[in-house]
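Some notes on the structure that comes next.
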2 protein chains.
Amino acid sequence: MTKSLKDKTLQEQVYENLKLGLLNGEFKPGVSVTIRGLAEELGVSAMPIREALRRLTTERALVLTPTGRVRVPCMTRKKLNQLVSARICLEKQAAIDAIPYIDDEMIEALSLLNDEIDQCIERNDYQAYLQKHRRFHFTLYQAAPSDVFMPLIESVWLQVSPFLSLTLSLEHLQSYNTNDRHVEIIQALGDRDATGLGFAIEADIRHGIGSLSEKDWPGGG
Amino acid sequence: MTKSLKDKTLQEQVYENLKLGLLNGEFKPGVSVTIRGLAEELGVSAMPIREALRRLTTERALVLTPTGRVRVPCMTRKKLNQLVSARICLEKQAAIDAIPYIDDEMIEALSLLNDEIDQCIERNDYQAYLQKHRRFHFTLYQAAPSDVFMPLIESVWLQVSPFLSLTLSLEHLQSYNTNDRHVEIIQALGDRDATGLGFAIEADIRHGIGSLSEKDWPGGG
DNA sequence: TGGCAATATTTGTGATCACAAAAACTGGAT
DNA sequence: ATCCAGTTTTTGTGATCACAAATATTGCCA
């Protein structure tokens, strides 16, 4: 019983580990990550790290410098605008595709997640908030079984997460609570209203990013 | 003068090599590719192949079997529908984002490519047709400098290419020429008409795939 | 103190190997 | 011929190493 079919490879474990770290804001934009550094930190050899980093750079969650070094990408205003555009068009479509698969159970689950998000904000638990918020969106998009949209959406989330975690603090969440938009999403789902759902998704995404004012932008132009 | 900054790594060369092969329809859906096989074929060691394959599986251009084998993915009707949806929403947005960067020179270039596409069809040159067709779309989407939409769009193209090359033959191209749709695209670009451009892009994409009738689908269900 | 050349260290890439699991093949029994 | 157990071959994964380029550090001189 050394290794079985269901055992994930080391490379896969490292990948998921790093991906969660990125989504949870544990990596600050600009810092560089090294193969040997992570290998020692995670207690594995270089190979699984290399492969995990290769995957993450392919997804643009990390970027390669011209000399092959790996780092957490820095955000620019132009890039943020395009990432928002990408999120809107992909997630709108994914949500609309999900409509035929929405049942009462799913609506119940989303409502519960939405309540939990509120509670996270009240008790100032940023980590839990990020998780619940992510789960709210991803369970919706995954309602329609497909391996097409989710990888694309995940790539975009990975690209915005380090920046958002850096700038969007709990104060933002308290004053710009996304809860109302999520209620609109659930409402539209209940009505099987594709158009309304599209608007609600777009509003939610814009709202989440739009609360960033100029002075929130990290230093240096 | 052994290696300089501009020299691409072996891994990068292998990746681009395989990517082009995929886009040009040189890999049939269902066949499996092996590290050692490609290593011998391309005359490099296993490492560059491993990394290139890891990138391509991350992009869903290739897929991993439950036991870690790599193969060219097979198409299903459901997946094709979603890939078409993804192409439409991504490429619509990318084209619209390109509008501010369109000048006469770009329109000239696109018109030329469109003519060349016609010539490829006339002289039955499928390889050249695929290249020109790809270049038409990608030069348009790349008019707006960005590293956000292109990787997403490329991933989707990589996923449809092996299947399309298998099913869409030259006969299809002759009877369902995409030329008219491309003219609409160029027209809308000239008018800076975002709405019209969106419709034209969607029509072009649907048209390219929609010409597939049931009997064109490869065997077995 | 500030700039710069020489040196030392860190880093990614590519190569090679052992290993275990999976797949392909073989041969015999029914 | 068909099925199945036993064997051989193929395959991906992970580990380790050499190497050269990039980066960091040092120490000297103006």
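By convention in this document, chain letters (A, B, ...) are assigned in the order of the sequence lines, proteins followed by strands, and residues within each chain are numbered from 1. Since we're looking at a predicted model, the values are computed, not measured.
Applying the 6.0 Å contact sphere to CG of D103(B) captures more than 12 heavy atoms from other residues, nucleotides or ligands. Q127(A) CD: more than 12 foreign heavy atoms inside a 6.0 Å radius.
Contact check for T57(B) versus V63(B): no side-chain heavy atoms found under the 4.5 Å cut-off.
When the side-chain nitrogen and oxygen atoms of T67(A) are compared with OP1 and OP2 of dG12(C), none of them lie within a distance under 4.0 Å. Contact annotation: T9(A) does not reach the phosphate of dG12(D) (side-chain N/O to OP1 or OP2, under 4.0 Å).
If you measure from atom NZ of K8(B) to atom C1' of dG14(C), you get 19 Å, rounded to the nearest angstrom. As rounded to whole Å, 13 Å separates atom P of dT13(C) from atom CD of Q13(B). Atom CG of L38(B) and atom P of dT11(D) are 11 Å apart (whole Å). Atom-to-atom, CD of E12(A) to P of dG12(D) comes out at 16 Å; the value is rounded to the nearest Å. Distance CZ (R69(A)) to P (dA21(D)): 13 Å, rounded to an integer number of Å.
The stretch residues 26-36 of chain B touches DNA chain D through V33(B), T34(B), I35(B), R36(B), each having a heavy atom under 4.0 angstrom from the strand. Annotation: proximity of residues 45-55 of chain A to DNA chain C (heavy atom, distance under 4.0 Å) is found for R50(A), R54(A), numbered in ascending order.
When each of T167(B), N81(B), L80(B) is checked for a side chain to side chain contact (heavy atoms under 4.5 Å, CB included) with I209(B), only L80(B) meets the rule.
Using a distance-only test at 3.5 Å, with no hydrogens or angles considered, no donor-acceptor pair links the side chain of S165(A) to the main chain of P162(A). Counting only distance, with no hydrogens or angles, the side chain of T58(B) and the backbone of T58(A) share no donor-acceptor pair below 3.5 Å.
N24(B) meets the side chain to side chain donor-acceptor pair (under 3.5 Å) test with R134(B); sequence neighbours excluded.
Separating the CD1 atom in I185(B) from the CG atom in L110(B) is a distance of 9.0 Å, to the nearest 0.5 Å. To the nearest 0.5 Å, atom CG of residue L90(B) and atom CD of residue Q93(A) are 10.0 Å apart.
Map L10(A) and T65(A) each onto its nearest nucleotide of DNA chain D; the residue landing nearer the 5' end is L10(A).
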